[in-house]
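Here the structure is laid out as structure tokens; the discussion comes afterwards.
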Amino acid sequence: MKRYIQTVRYGIAMLVVLLSAVSCQKLDLAPHDRDTDLNYWQEPEAALAAVNKCYQGINNADEALYSDAMTDNAYTKVPNTHNQAVGNGSFSTADSYVASVWDYRYSGIRQCNLLLNNIQQVPGLTDELRNRYIGEATFIRVYHYFELYSKFGDIPYFTNVLSMSEAKSIARMPKAEVVDKLLSDLSAIIDNNYLPASYDSKNTGRVTRWAAMGLKARILMFERRYAEVVPVTNTIITNGGFSLFGSYEGLFSVQNENNPEVMLDVQYLAANREHNIQYHFLPPSLGGYSQLSPLQELVDDYITLDGYSIKSAPAGSFDPANPFSNRDPRLAATIIYTGNSYKKADGTNHTVNTGKNVSPDGYGFSSDASATGYYIKKYWDNSYRANLMSGLNIILMRYADILLMHAEALAEQGQLDATQWDRTIRLIRQRAGFSDSRVLNFPGSANLIDIVRRERRCELALEGLRHKDIVRWKTAENVMNGWVHGLYTGDVTGTDNGFVRVENRKFDSAKHYLWPIPQKDRDLNQNLTQNPNW
């Protein structure tokens, strides 16, 4: 996992950990030339520096976008990097990506525990500020634990900084107990108002009370506790003051960062804290390598402008010879196909031709070109610096997700009616650019669960949420087995009905819904049991 651990916008001070020394005398005096853990927490600035360091590890651009390569949304073409093996089902107990997720998340948890275990020592804090720091660190710790248990199931759970001997002996806690603790932590900081509803411009990007409620809703959704989701999402909708940003495509641009739809994001800043995720998905004509590419399976799920799936659309609604015409506007805002374009900073369009063997971006033309014939458009930053370095924030939670969770939780209980549809799906589709009444009006007796799930996929595509969705829906075994595809070439060989075969995947429902506990950690800790069939 490539990590961008650099100085955040509001400043980070690195924690210094005291190294123990062996001596015939007790050496517990603090040196005068540097901070140690004997005097660090006596400094008034210690709490702010420590909580800022917690933010560094919450997530990053690579992790958010590459998550979809573990789903039927995307493919990464380079073996042994990122998570290709998880996507195709060939990963093992020694998989480097799986181990990196385990290590990274537990490193983040340790950082949060450092603050939470020591904040009472820090002088000069008001009760309000101390509680806010506790709320921020607690939220981030819950975020890490959610990422762990949603992948590994039972996990070691702890709230103190572990000693070496404790780390080598701690056992896994049953997932249900972990979930209860995480929900309890979130309820505590929400109900006791530890976190503010908003911040001033100097603190943009910090966790709010609403983000904590959004994370609580996500955990409840993952656990399929739909009746408990609705009051949480309803409170955010009614009282949160959020709204859908006017332009779906514009939502993901530098110019519109921190808009009223964004509830939580990873804060980047040009020339100070940057990522180069664009190099991973842009076409060669823009200097990219296209290591991460959308799949045909995602392209096919976008409905027509008059509300039909492409498989059920009547004549005149969908034309296979002109497959990108009359489609959900979010398709063109998310994915680059032949004829679609990137808007450059000077206002001109950079149009791409992804046709077979077309220079320089066409499928099969070079190793730099897309392996699927499609490129990512979402998160294109036309103000990028040299080498495609970008300060574009990566959104981790936005209001549209809250609306979709609310609609889904109601649909799962048979309670999604016209009123709730208009509060949620209709608003999302209107913002996307639909105007046909067949798309906007409540569909009545149709399969509402399928409709909401498809809406969720198309609205949130390539934002790192699809993997948890197909796991909690238990549909991964259906969508992650067999060939996934790229664009239509019409070739007889190497295709299915003319669509390029990209990767033959395997998802074993008896084992792959849980990842393996990394063997290297089990070698160090004999109390770490393994997941079934690994």
Side-chain angles (χ1 to χ4, degrees), residues 68 71-74 244 247-249 294-340 354 372-374 377-378 400 403-404 407-408 410-412 414 416-463 465-466 469-470 473 475 478-479 482 484-488 490 495-500:
D68 273 31
T71 77
D72 51 341
N73 278 357
L244 297 176
S247 165
Y248 180 80
E249 184 172 336
L295 288 166
Q296 184 69 44
E297 280 72 14
L298 171 59
V299 173
D300 286 348
D301 230 12
Y302 289 90
I303 61 175
T304 64
L305 281 175
D306 45 353
Y308 294 96
S309 72
I310 63 171
K311 292 181 179 179
S312 64
S317 179
F318 174 72
D319 179 7
N322 192 16
F324 307 112
S325 177
N326 199 48
R327 299 289 294 279
D328 182 337
R330 290 171 295 191
L331 172 58
T334 304
I335 297 172
I336 288 289
Y337 45 81
T338 295
N340 200 6
T354 69
T372 69
Y374 296 106
K377 187 176 183 181
K378 185 179 283 188
L403 298 181
L404 287 162
E408 182 184 339
L410 289 170
E412 288 283 358
L416 181 58
D417 57 18
T419 299
Q420 296 300 327
W421 172 276
D422 288 348
R423 292 181 78 201
T424 56
I425 305 302
R426 184 186 182 95
L427 294 178
I428 289 171
R429 289 184 168 183
Q430 283 178 325
R431 190 272 298 276
F434 287 101
S435 59
D436 192 293
S437 60
R438 189 176 186 280
V439 182
L440 297 180
N441 292 344
F442 181 61
S445 60
N447 190 328
L448 294 176
I449 293 175
D450 285 352
I451 290 173
V452 173
R453 287 182 178 184
R454 170 175 278 172
E455 192 69 22
R456 181 173 180 83
R457 182 185 192 183
C458 296
E459 173 70 22
L460 303 173
L462 306 172
E463 295 181 43
L465 300 177
R466 176 71 173 172
D469 286 345
I470 62 175
W473 294 333
T475 59
N478 301 322
V479 302
V484 289
H485 301 87
L487 82 173
Y488 180 83
T495 72
D496 288 323
N497 299 317
F499 290 92
V500 173

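What's counted below: heavy atoms across the whole structure, side chains too, no hydrogens, waters or symmetry copies.
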Step-by-step salt bridge (charged side-chain N to carboxylate O under 4.0 Å, His left out) determination, R454 to D301: CA-CA 7 Å; R454 170 175 278 172; D301 230 12; 3.0 Å; yes
Verdict with supporting geometry, Q430 and L440, side chain to side chain contact (heavy atoms under 4.5 Å, CB included): CA-CA 7 Å; Q430 283 178 325; L440 297 180; 3.7 Å; yes
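For the pair D436 (side chain) and G307 (backbone), a donor-acceptor distance under 3.5 Å is absent. No donor-acceptor distance shorter than 3.5 angstrom exists from the side chain of Q296 to the backbone of V484, with no hydrogens or angles considered. Side chain of R431 to backbone of L244: no donor-acceptor contact under 3.5 angstrom is found. The main-chain N or O of L403 is never found under 3.5 Å from a side-chain atom of T424 such that the two would form a donor-acceptor pair. With hydrogens and angles disregarded, a donor-acceptor distance shorter than 3.5 Å links the side chain of Y248 to the backbone of E459. Using modelled atom types, one side-chain atom of S309 and one backbone atom of S312 make a donor-acceptor pair closer than 3.5 Å. T304 places no side-chain N or O within donor-acceptor distance of the main-chain N or O of N326, the cut-off being under 3.5 Å. No side-chain donor-acceptor contact under 3.5 Å links S437 to the backbone of N441. Without hydrogens or angle criteria, R429 side chain to V439 main chain gives a donor-acceptor distance under 3.5 Å. Between the side chain of D417 and the backbone N or O of Q420, at least one donor-acceptor pair lies under 3.5 Å.
You'll find the side chain of Y374 stays beyond 4.5 Å of the side chain of L298, heavy atoms only. Counting heavy atoms from C-beta on, the side chains of K311 and D300 never come closer than 4.5 Å. At least one side-chain heavy atom of L331 sits less than 4.5 Å from a side-chain heavy atom of V299. Between L305 and S317 the shortest side-chain heavy-atom distance does not fall below 4.5 Å. Inter-residue side-chain proximity for L462 and T334 is flagged as met; some heavy-atom pair is nearer than 4.5 Å. Side-chain contact between T495 and H485 is absent, with no heavy atoms from C-beta onward closer than 4.5 Å. Contact check for L465 versus D68: no side-chain heavy atoms found under the 4.5 Å cut-off. For the pair R330 and I428, the minimum side-chain heavy-atom distance is below 4.5 Å.
Of all non-hydrogen atoms in P329 and A432, the two that sit nearest each other are CB-O, 3.2 Å. When all heavy atoms of A407 and I425 are compared, the pair lying nearest together is CB-CD1, 3.9 Å. Shortest non-hydrogen contact noted between V452 and L404 is CG1-O, 4.1 Å. C458 and D328 get closest at one heavy-atom pair: CB-OD2, 4.2 Å. Heavy atoms only, all atoms of each residue included: A333 and E249 are closest at CB-CB, 3.9 Å.
Screening R457, R453, R456 for a side-chain hydrogen bond (donor to acceptor under 3.5 Å, both in side chains) involving D469 leaves a single residue, R456.
To the nearest 0.5 Å, atoms CZ (R327) and OH (Y337) are separated by 8.5 Å. To the nearest 0.5 Å, atoms OG1 (T475) and CG (D72) are separated by 7.5 Å.
Relative orientation of the F442 and W421 rings is perpendicular, given thresholds of 30° and 60° on the angle between their planes.
With hydrogens and angles left out, the side-chain atoms of N322 and D319 include no donor and acceptor closer than 3.5 Å.
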